[in-house]
**Q** 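Structure provided below as structure tokens; questions to follow.
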Amino acid sequence: MFRAALKRFQNKWKSYRHRFVPWVVLNLSKNEKTLRQVTKGSKDKLLSEEEVSASLLKLFRVLYRSHGADHSQLRAAQTHFLRQVTNDEEQRGGNPVCGHDATLQSLGFSIDRKPSSLHFAGTGVFVTRGFVPKGTTVAMYPGTVYQAYEPILLQSIGNPFVFRCIDGILIDGNDKGISKMVYKSCSGRDRIGPFMMSDTSWLTASPQNPLAVGQYVNNCSNEWPANVCYQEYDVPDKFPIELRQYLPNINYSLGIQRPLRCVVLVSLRDITAGEELFSNYFTIVR
């Protein structure tokens, strides 16, 4: 019985230790290859905000054509936008598609959650089809966005999915328990008439935005170098209201006077189908 309990603890620890600050500090020098170093916070971006937006809009428009056009209550408000998306589909010569097919059609690849190739890591994220060129937006880190001064103590207990941005903003990517309830509550609160301002489907086994699985990307190791990295992305005010329903993030508090913070994962090299994604959990700003 004791051995079974010890084994469960060891498995939990292997998953959680990368977020335990004392352990991180003591082990940084032993794992130089697992660190990403930048000279300052502004140098953390491999892609411009415009490039990230362009990739997301490309995917979201395909998803919208497949999903949004079926909602009759939206048609009057969105006639112009639907016409634009329909023209884009006609130019591509394809039919509306959904989910992973939409990602493959619009971005040239698809990703999905599977058991990790690391025996102790549980779930991982793999490129399942297509090809990911270097410098591509590969995934998104979903969750509730907390400003540095906002309370997150209860949500953080036993939670290995809290991501800390360079400026102290936190994103809770846990899809279970109190974190799930908080996200769904905030998403319902921020709805504007027929328009959803965020995507709640990432809390399920079948997210309508297939990129919203970034919280399951495992940390790299000396044996498995990082092939993606995290990049902070502030959603511009001009982001189409019709497409915000595919953003897997929502502010914890109403009326935050700043753009919505998202985090995307960007490829550090070319990645082929069958490869698992590995990131750097730690970015050192010098």
Side-chain angles (χ1 to χ4, degrees), residues 3-4 6-20 23-24 27-37 46 55 59 99-104 107-143 158-164 171 173-176 202-207 209-231 248 263-284:
R3 289 184 177 178
L6 179 61
K7 186 174 181 60
R8 287 197 299 270
F9 172 78
Q10 289 174 332
N11 290 336
K12 289 285 186 180
W13 172 246
K14 287 177 181 178
S15 173
Y16 181 74
R17 61 186 178 181
H18 301 292
R19 297 170 175 86
F20 184 62
W23 183 89
V24 172
N27 286 271
L28 283 179
S29 60
K30 299 178 184 178
N31 297 278
E32 287 291 335
K33 292 183 180 180
T34 67
L35 306 178
R36 181 166 178 254
Q37 303 191 31
L46 295 182
S55 293
L59 170 62
H100 300 291
D101 289 335
T103 314
L104 183 65
L107 302 180
F109 64 89
S110 62
I111 61 173
D112 203 357
R113 289 171 287 190
K114 292 184 177 182
S116 175
S117 53
L118 304 176
H119 69 278
F120 58 82
T123 301
V125 178
F126 291 76
V127 176
T128 55
R129 291 185 292 174
F131 173 78
V132 181
K134 178 181 178 180
T136 299
T137 300
V138 185
M140 303 184 71
Y141 198 102
N159 183 356
F161 296 108
V162 178
F163 181 93
R164 186 184 187 278
I171 300 180
N174 193 354
D175 55 13
K176 298 177 178 62
W202 68 271
L203 298 166
T204 71
S206 302
N209 172 4
L211 299 187
V213 294
Q215 78 275 37
Y216 285 104
V217 172
N218 285 306
N219 191 41
C220 64
S221 64
N222 291 330
E223 294 75 30
W224 297 90
N227 51 19
V228 297
C229 69
Y230 300 103
Q231 177 173 317
V263 170
V264 299
L265 287 91
V266 179
S267 55
L268 294 170
R269 61 168 175 81
D270 294 346
I271 307 173
T272 57
E275 289 192 69
E276 182 173 357
L277 302 182
F278 293 103
S279 64
N280 298 97
Y281 278 4
F282 315 113
T283 297
I284 307 299

**Q** Thr272 vs Val127, test: side-chain contact (heavy atoms from CB on, under 4.5 Å). Steps then yes/no.
**A** CA-CA 7 Å; Thr272 57; Val127 176; over 6 Å; no
**Q** With the side chain counted from C-beta on, respond yes when Met140 and Trp202 share a heavy-atom pair under 4.5 Å apart, and no when they do not.
**A**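 When only atoms from C-beta onward are counted, Trp202 and Met140 do not touch, as no gap falls below 4.5 Å.
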**Q** How would you list, by chain and number, every residue that makes a side-chain hydrogen bond (donor to acceptor under 3.5 Å, both in side chains) with Ser117, sequence neighbours excluded?
**A**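 Checked Ser117 against side-chain hydrogen bond (donor to acceptor under 3.5 Å, both in side chains); matches are Glu276.
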**Q** Where the side chain of Thr136 meets the backbone of Ser267, is there a donor-acceptor pair that is under 3.5 Å apart?
**A** no
**Q** Evaluate the ring planes of Tyr141 and Phe163, with Trp represented by its six-membered ring, and classify them as parallel (under 30°), tilted (30 to 60°) or perpendicular (over 60°).
**A** tilted
**Q** Looking at Phe278, is its backbone amide N or carbonyl O close enough to the side chain of Asn227 to form a donor-acceptor pair, meaning the two atoms are under 3.5 Å apart?
**A**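 Yes, Asn227 side chain to Phe278 backbone: donor-acceptor pair under 3.5 Å.
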**Q** Got a salt bridge between Arg129 and Asp101, using NZ or NE/NH1/NH2 to carboxylate O under 4.0 Å?
**A**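 Here Arg129 pairs with Asp101 in a salt bridge, since their nearest N and O are under 4.0 Å apart.
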**Q** CG/Leu59 to CG/Leu104 distance, rounded to the nearest 0.5 angstrom?
**A**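 Answer rounded to 0.5 Å: 11.0 Å.
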**Q** Write down the atom of Pro207, the atom of Arg113, and the distance for their closest heavy-atom approach.
**A** CD-NH2, 3.5 Å
**Q** Once rounded to the nearest 0.5 Å, what's the spacing between atom OG1 of Thr204 and atom CG of Asp175?
**A**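 The CG atom of Asp175 is 9.0 Å from OG1 of Thr204, to the nearest 0.5 Å.
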**Q** Looking only at non-hydrogen atoms, find the nearest pair between Ser279 and Ala226 and report the distance.
**A** C-CB, 3.9 Å
**Q** Counting distance only, does the side-chain N/O of Asn218 pair as donor-acceptor with the main-chain N or O of Thr123 below 3.5 Å?
**A** yes
**Q** Find out whether Leu265 and Val125 are in side-chain contact, i.e. whether some heavy atom of one side chain is under 4.5 Å from a heavy atom of the other.
**A**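 Side chain of Leu265 against side chain of Val125, heavy atoms only: no contact under 4.5 Å found.
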**Q** Is there a side-chain contact between Asn280 and Leu268 in this structure, where contact means two heavy atoms from C-beta onward sitting under 4.5 Å apart?
**A**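 Contact flag for Asn280/Leu268 side chains = yes.
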**Q** Using the test ring-ring contact (aromatic ring centres under 6.0 Å, His included), find all partners of Tyr216 that sit at least two apart in sequence or belong to another chain.
**A**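 If we apply the ring-ring contact (aromatic ring centres under 6.0 Å, His included) test to Tyr216, skipping adjacent residues, the hits are Phe161.
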**Q** Taking the side chain as C-beta and beyond, is there a heavy-atom pair between Ile271 and Phe109 under 4.5 Å?
**A**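 Side chain of Ile271 against side chain of Phe109, heavy atoms only: no contact under 4.5 Å found.
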**Q** Determine the minimum heavy-atom distance between Pro248 and Ala212, stating which atoms define it.
**A**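 Answer, listing the atom of Pro248 first, then Ala212: CB-CB, 3.7 Å.
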**Q** Starting from the C-alpha separation in whole Å, work towards a yes-or-no answer on side-chain contact (heavy atoms from CB on, under 4.5 Å) for Glu275 and Val132.
**A** CA-CA 10 Å; Glu275 289 192 69; Val132 181; over 6 Å; no
**Q** Is there a side-chain contact between Pro210 and Asp112, using heavy atoms and a 4.5 Å cut-off?
**A** no
**Q** Are Leu211 and Leu107 side-chain neighbours, meaning at least one heavy-atom pair lies under 4.5 Å?
**A**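 Yes, side chains in contact.
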**Q** Measure the CZ-CD1 distance between Arg164 and Ile171 for me, rounded to the nearest 0.5 Å.
**A** 12.5 Å
**Q** Could you tell me which non-hydrogen atom of Gly214 sits nearest to which non-hydrogen atom of Pro142, and how far apart they are?
**A** N-CD, 4.1 Å
**Q** Looking at Thr128, is its backbone amide N or carbonyl O close enough to the side chain of Ser110 to form a donor-acceptor pair, meaning the two atoms are under 3.5 Å apart?
**A**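 Here the side-chain-to-backbone pair does not exist.
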